[in-house]
Amino acid sequence: MTHMNYKYTLLGSTAEEYRKRPLLLQVDDRPMNLFAVLEVKREPHGLRRPWPWCAPGCDPSTLACFRKFRLYSFLFGLTVMFLIMASYVLTGDKKGLRLTPSPYHFSVAPSQGSGSGALLFPFNLSSVKDCADIKQVVKNIASRVEFNSSRQLPARKALVHSEPHMFSIVARKFLANVKNPCWYEEHTRNISTDPYSANLYARYSRRFKTVFEYLRSAFREHLDRRGGRYYRMRCLPYFYIIGQPKCGTTDLYDRLRLHPEVRFTTFKEPHWWTRKRFGIIRLSEGFHDRYPVEDYLDLFDLAAWQIQDSLTGHAPGAPDQHNVIIGEASASTMWDNNAWVYFYDNGTEAEAEPPFLIQDFIHAIQPDARFIVMLRDPVERLYSDYLYFGIANKSAEDFHEKVSESLQLFEGCLMECTMRSCVYNTTLNNAMPVRLQVGLYVVYILDWLTVYRREQILVLRLEDHASNRKYTMHKVFDFLKLGPLTEQKEAEITKSPASNTRRPADKNLGPMLPVTKEILRDFYTPFNDKLAKVLCNNSFRWDSHSKLI
């Protein structure tokens with residue numbers, strides 16, 4: 001075998017710009033079918049370590065040194081291969097893993113003007129700074145955009161096989177005399193033990209320690225004893241606020257929970273369907289213990305007890321609680337399927353797409369659930385997302401650079417994969433410096449409409465909500481079939497100040513650069529046009545001709 005000396009180079013701008021985040025690497029003597037995000041130890045510029053595989057005084061050109069190099073290279077390669085195989089076959093032990101396999105493979109092409117015959121990716125993450133070149137990238141993306149609605153729905157049997165424990169806990173039928181989906185579950189544990197001792201939400205959510213202490217103290221009195229056995233009421237949400245982030249979901253949540261017939265989970269965003277049930281807090285942190293469905297159901301206990309008290313007559317004089325509905329508001333539910341590549345099959349094929357989506361599982365246990373989606377001009381959403389989640393050195397110029405990098409990454413995926421597979425590509429999503437994919441609303445809406453009827457999904461615009469909160473809140477009330485309100489209560493819900501607005505420090509950074517806005521407008525236009533057609537509402541195009549409704 002001919003020895004090849006591989007050389008790794010940074011795909012990006014100066015090392016200083018990447019000092020605080022993972023580096024993207026390329027191999028320049030051989031195609032690399034593994035797109036990896038690695039954390040590497042940086043050495044001071046100009047310093048080179050001596051070859052560690054050579055003995056002191058050994059000339060690297062000697063045969064003995066070369067043989068030692070080959071031996072160490074073989075052992076190193078074998079070790080890396082073993083670690084990768086073990087990490088991704090054994091899904092339960094993945095903490096701290098930093099090497100992420102890509103479901104698609106980047107092709108390589110000979111570099112221009114290089115006599116070494118080096119191979120590079122078809123794009124460079126930092127060299128394209130000219131506006132015309134970035135616009136050409138956007139045109140290339142637009143030429144590859146296609147909306148394929150032929151998604152094959154998974155069979156219930158396959159879903160149950162994937163999540164047998166969840167389906168063994170959630171009832172197939174709910175109580176007929178309660179508006180919210182609830183059921184009674186036999187409590188087989190000792191009633192004197194702490195029912196929340198193993199709940200991971202209770203363990204890690206210090207802010208809600210007081211709530212869980214109350215739940216512990218009131219648990220026994222809400223056990224229903226029948227025939228010498230104890231039963232507890234369990235409930236799922238009647239409705240979900242499913243998206244999108246930085247589109248006003250917090251404001252909607254804060255207003256809706258003031259309605260006397262609406263209750264929510266113990267805290268706003270459990271992120272159970274998309275993250276916690278897989279053991280994900282943040283993908284960058286690796287994997288933690290998986291949150292079982294019982295932990296999720298515990299978050300609805302407080303509301304379930306109010307419904308139960310109404311049924312058993314333990315709450316005399318209280319409002320009619322059997323019409324109470326429970327909501328859940330995780331802004332990741334609509335779009336975040338990033339965990340699929342680690343847990344489901346098809347994760348290594350170039351055209352891989354998730355075999356199961358979040359909505360498949362929700363539909364399997366709640367076919368009559370209702371969903372509220374709040375959307376916003378995706379261009380403005382992306383900038384707000386950047387300002388909110390960015391850590392340091394935020395600026396309009398930095399945002400422009402991150403947008404450019406992300407567009408090139410997205411184009412690189414589209415060169416070999418379908419548009420939908422790129423949207424759901426976990427490695428691509430993790431590699432992009434800004435979350436372009438979150439603003440591709442129509443891709444997610446179309447997939448949700450493959451399992452739920454159009455009348456079960458209410459889609460709102462933040463722009464409309466900001467200009468006329470009374471109008472949008474009444475649409476929500478009607479959608480959820482809530483009872484009438486007094487004038488005083490309606491004013492309290494609709495006239496309170498907006499929640500979760502932009503922080504003063506972020507406001508001081510000013511708007512994005514005009515050229516960035518123009519580029520993003522061109523990028524999102526084909527997706528917005530399709531969304532407007534699907535929803536039969538041209539205001540979802542967010543162009544100069546759109547009018548608020």
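Numbers for residues simply follow the sequence, beginning at 1.
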Taking side chain as C-beta onward, heavy atoms only, is [X] less than 4.5 Å from [Y]?
{"X": "Ile493", "Y": "Met473", "result": "yes"}
{"X": "Asp385", "Y": "Val434", "result": "no"}
{"X": "Thr472", "Y": "Leu252", "result": "no"}
{"X": "Phe219", "Y": "His187", "result": "yes"}
{"X": "Tyr444", "Y": "Asp336", "result": "no"}
{"X": "Gln437", "Y": "Val443", "result": "no"}
{"X": "Val373", "Y": "Leu460", "result": "no"}
{"X": "Gln359", "Y": "Trp273", "result": "no"}

Counting N and O atoms only, with roles assigned by atom type, does the side chain of [X] sit under 3.5 Å from a partner on the main chain of [Y], one being a donor and the other an acceptor?
{"X": "Arg454", "Y": "Ile457", "result": "yes"}
{"X": "Trp335", "Y": "Tyr441", "result": "no"}
{"X": "Gln366", "Y": "Pro237", "result": "yes"}
{"X": "Ser384", "Y": "Arg381", "result": "no"}
{"X": "Asn429", "Y": "Val423", "result": "yes"}
{"X": "Arg234", "Y": "Cys182", "result": "no"}
{"X": "Asn337", "Y": "Leu357", "result": "no"}
{"X": "Lys268", "Y": "Asp254", "result": "no"}
{"X": "Asp295", "Y": "Leu200", "result": "yes"}

Give a yes or no on this: more than 12 heavy atoms of other residues, nucleotides or ligands lie within 6.0 Å of atom [atom1] of [X].
{"X": "His165", "atom1": "NE2", "answer": "yes"}
{"X": "Glu487", "atom1": "CD", "answer": "no"}
{"X": "Arg216", "atom1": "CZ", "answer": "yes"}
{"X": "Lys489", "atom1": "NZ", "answer": "yes"}
{"X": "Tyr214", "atom1": "OH", "answer": "no"}

Assess the residue pair Leu509 and Lys394 against the criterion (side-chain contact (heavy atoms from CB on, under 4.5 Å)); give the C-alpha distance rounded to whole Å, side-chain angles, the decisive distance to 0.1 Å, and a yes or no. CA-CA 8 Å; Leu509 295 176; Lys394 293 181 289 187; 3.7 Å; yes
Intermediate values then yes/no, side-chain contact (heavy atoms from CB on, under 4.5 Å), Glu455 and Phe479: CA-CA 9 Å; Glu455 58 266 27; Phe479 176 70; over 6 Å; no
Can you tell me how far [atom2] of [Y] sits from [atom1] of [X], rounded to the nearest 0.5 angstrom?
{"X": "Ser310", "Y": "Gln308", "atom1": "OG", "atom2": "CD", "answer": "10.5 Å"}
{"X": "Cys235", "Y": "Gln306", "atom1": "SG", "atom2": "CD", "answer": "10.5 Å"}
{"X": "Ile191", "Y": "Arg232", "atom1": "CD1", "atom2": "CZ", "answer": "13.0 Å"}
{"X": "Asn538", "Y": "Asn528", "atom1": "CG", "atom2": "CG", "answer": "11.5 Å"}
{"X": "Asn199", "Y": "Leu299", "atom1": "CG", "atom2": "CG", "answer": "6.5 Å"}

Mind listing the closest non-hydrogen atom pair of [X] and [Y] along with its distance?
{"X": "Gly439", "Y": "Pro378", "value": "O-CB, 3.7 Å"}
{"X": "Pro260", "Y": "Leu485", "value": "CD-CD2, 3.6 Å"}
{"X": "Phe167", "Y": "Leu159", "value": "CE1-O, 3.5 Å"}
{"X": "Ser332", "Y": "His271", "value": "OG-ND1, 2.7 Å"}
{"X": "Leu409", "Y": "Ala431", "value": "CD1-O, 3.7 Å"}
{"X": "Ser406", "Y": "Leu436", "value": "CB-CD1, 3.5 Å"}

Is there a side-chain contact (heavy atoms from CB on, under 4.5 Å) between Asp298 and Leu215? Walk through the geometry before answering. CA-CA 9 Å; Asp298 287 347; Leu215 291 175; over 6 Å; no
Below 30° counts as parallel, above 60° as perpendicular, anything between as tilted: where do the rings of Trp305 and His222 land? parallel
In terms of the angle between their ring planes, are Tyr296 and Trp272 parallel, tilted or perpendicular, with boundaries placed at 30° and 60°? parallel
Determine the sole option in Val451, Leu449, Leu446 for which the side-chain contact (heavy atoms from CB on, under 4.5 Å) test with Arg151 is passed. Val451
Under 6.0 Å between ring centres: does that hold for Phe343 and Phe287? yes
Side chains of [X] and [Y]: do they bring a donor and an acceptor to under 3.5 Å?
{"X": "Tyr196", "Y": "Asp301", "value": "yes"}
{"X": "Glu328", "Y": "Tyr253", "value": "no"}
{"X": "Thr418", "Y": "Glu353", "value": "yes"}
{"X": "Thr333", "Y": "Ser330", "value": "no"}
{"X": "Gln244", "Y": "Arg376", "value": "no"}
{"X": "Glu463", "Y": "Trp542", "value": "yes"}
{"X": "Arg255", "Y": "Thr494", "value": "no"}

Once you find the SG atom in Cys417 and the one in Cys422, is the distance between them below 2.5 Å? no
Lys495 and Glu490 ion-paired at < 4.0 Å: no
Got a salt bridge between Arg189 and Asp194, using NZ or NE/NH1/NH2 to carboxylate O under 4.0 Å? no
Checking side-chain contact (heavy atoms from CB on, under 4.5 Å) for the pair Tyr201/Phe212: CA distance, chi angles, key distance, verdict? CA-CA 9 Å; Tyr201 285 107; Phe212 279 105; 4.2 Å; yes
ring-ring contact (aromatic ring centres under 6.0 Å, His included) partner of Phe264, chosen from Phe239, Tyr238, Tyr240, Phe300: Phe239
Checking Phe371, Phe356, Tyr452 against His363 for ring-ring contact (aromatic ring centres under 6.0 Å, His included), the one that qualifies is Tyr452
Give the intermediate values and the outcome of salt bridge (charged side-chain N to carboxylate O under 4.0 Å, His left out) for residues Arg290 and Glu163. CA-CA 12 Å; Arg290 300 182 70 171; Glu163 296 281 355; 3.5 Å; yes
Taking the six-membered ring of Tyr388, is NZ or CZ of Lys246 closer than 6.0 Å to its centre and within 45° of its axis? yes
Check whether NZ of the Lys or CZ of the Arg Arg277 lies under 6.0 Å from the centre of the six-membered ring of Phe361 and within 45 degrees of that ring's axis. yes
